[in-house]
Amino acid sequence: MATPSVLGPVGEQVPDVERIAVLRANALGDFIFILPALEALRAAYPGAEIVLLGAPWHAQLWRDRPGPVDRVLVVPPAPGIRDAGSDEPVSTMDEFLADAREERFDLAVQLHGGGANSNPVVAGLGARVTAGLRAEDAPPLDRWIRYVYYQPEVVRYLEVVALVGAPATTIVPALGVTKADRAEAREVLGEPTRPRVALHPGATDTRRRWPPERFGEVARALTGDGYEVLVTGTPAERETVDAVVAAAGVPVRPQVGTLSLGGLAACYADCALVVSNDSGPLHLAGAVGTPTVGVYWIGNLINGATPMRARHRPIASWTTHCPVCGVDCTPGIYPHRPGDGDCPHRDSFVADVPVVEVVEAARELLS
């Protein structure tokens, strides 16, 4: 029988668990959100092996890293699971599941979203007990909780693992930084001669991007305050990083594709502050213990922003209508409201956030 907890009901533990599979094979920020759930599983099943079913980058990141993941199995690309890399060999999901069943998982947990695509994968592992989320279009697992779109992501996945007797031990994602990470960051960046601040102006969804010229103004203000300013980005974000550097008009250090994910974690860990759009690097910075100022669209703030305020300042845009065509973009989530919410534009939904709010928040945290 379920017992209550501060985050909802806690189900009974599964007996005699030696091996746990956890499916979460998507992007960086998505993975950071499940770290507290993994910690809860580790605390509840201390003798079990926790195997993450993830992407190739998960396997690289988790090599020799302390934390709740013991091993990574790379799940093949599949619709709703993950996209294929440019040069990776592709196996079929049927082949993967046949091999995975040989692992004899006792417990399989779906922390990958609503479940339409992911629940069949978890069910196909052949575990004694399955648990996860279930949207209306998803098949059930043995133990499941309804997927509701607007919910803090960290709490969402804590509720899932609570179904199998793993109550929360923390709500704060934390990622360890290794000696190898720090050595890489030092080799690329050198030793700081003054406190560092990092800006990350990219985001996969262009609607989440604060304009580069605004980041440039922040860079100029913080450089004037005596900080060394780094501007980080992936190779696909080079144009955005270059625009920030040009707008800053003062010496800043662009870092585009110069660091591995572990090296980036160490870079952020040594920064006094990270200012970023709502993106994986923002959540990575928070997970390694660095104060952050994040620029969010209000819907993403509900789901993705940390509730902590001692070291973090999420700043929200309340825009709900497309800045180009004026369409109300909320009916996709709330279908009973007027309009269809269908808009092809991908212009920024956060451009109305004033520079002064970001600079004030940054200076408050830096002080």
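Any value given below was found using the heavy atoms of this structure, including those in side chains, with hydrogens, waters and symmetry copies removed.
- Pairing each heavy atom of Asp181 with each of Gly176, the nearest pair is OD2-O, 4.3 Å.
- A side-chain donor-acceptor contact under 3.5 Å links Gln110 to the backbone of Gly113.
- Note on residues 34-46: pairs passing side-chain hydrogen bond (donor to acceptor under 3.5 Å, both in side chains), not counting sequence neighbours, are Arg42-Asp70.
- Screening Val241, Val231, Leu222, Val244 for a side chain to side chain contact (heavy atoms under 4.5 Å, CB included) with Val252, the sole residue that qualifies is Val231.
- Remark: side-chain polar atoms of Arg156 are not paired, donor with acceptor, to backbone N or O of Tyr147 under 3.5 angstrom.
- Under the 3.5 Å distance criterion, the side-chain polar atoms of Asn303 are matched with a main-chain donor or acceptor of Gln151.
- Crowding of Glu18 atom CD: a count of heavy atoms from other residues, nucleotides or ligands under 6.0 Å not exceeding 12.
- Side chain of Arg128 to backbone of Pro15: a donor-acceptor contact under 3.5 angstrom is found.
- Interatomic distance, CG of Leu38 versus OH of Tyr157, reported as 11.5 Å (0.5 Å rounding).
- Contacts of Arg253 classified as salt bridge (charged side-chain N to carboxylate O under 4.0 Å, His left out), with partners at least two apart in sequence or in another chain: Glu228.
- For the pairing with Asp278, the salt bridge (charged side-chain N to carboxylate O under 4.0 Å, His left out) check across Arg207, Arg209, Arg208 returns one residue only, Arg208.
- For the pairing with Phe105, the side chain to side chain contact (heavy atoms under 4.5 Å, CB included) check across Val51, Thr130, Ile20, Val122 returns one residue only, Val51.
- The nearest pair of heavy atoms linking Cys267 to Leu259 is CB-CD1, 3.9 Å.
- With 3.5 Å as the limit, one finds no donor-acceptor pair spanning the side chains of Thr240 and Glu237.
- Tracing side-chain contacts under 4.5 Å through hydrophobic residues (I, L, V, M, F, W, Y), one reaches Val288 starting from Leu199; they form part of the same cluster.
- Aromatic ring orientation, Phe31 versus His58: perpendicular (interplanar angle above 60°, classes split at 30° and 60°).
- Using a cutoff of 4.0 Å between basic side-chain nitrogens and carboxylate oxygens, Asp270 and Arg182 are scored as salt-bridged.
- Asp64 CG to Thr178 OG1: the interatomic distance, rounded to the nearest 0.5 Å, is 8.0 Å.
- Between Tyr268 and Leu230 there is no side-chain heavy-atom pair separated by less than 4.5 Å.
- A donor-acceptor pair is defined here as one N or O able to donate and one able to accept, closer than 3.5 Å; no such pair exists between the side chain of Asp137 and the backbone of Ala116.
- Salt bridge annotation for Arg337-Asp328: absent, with no cationic side-chain nitrogen under 4.0 angstrom from a carboxylate oxygen.
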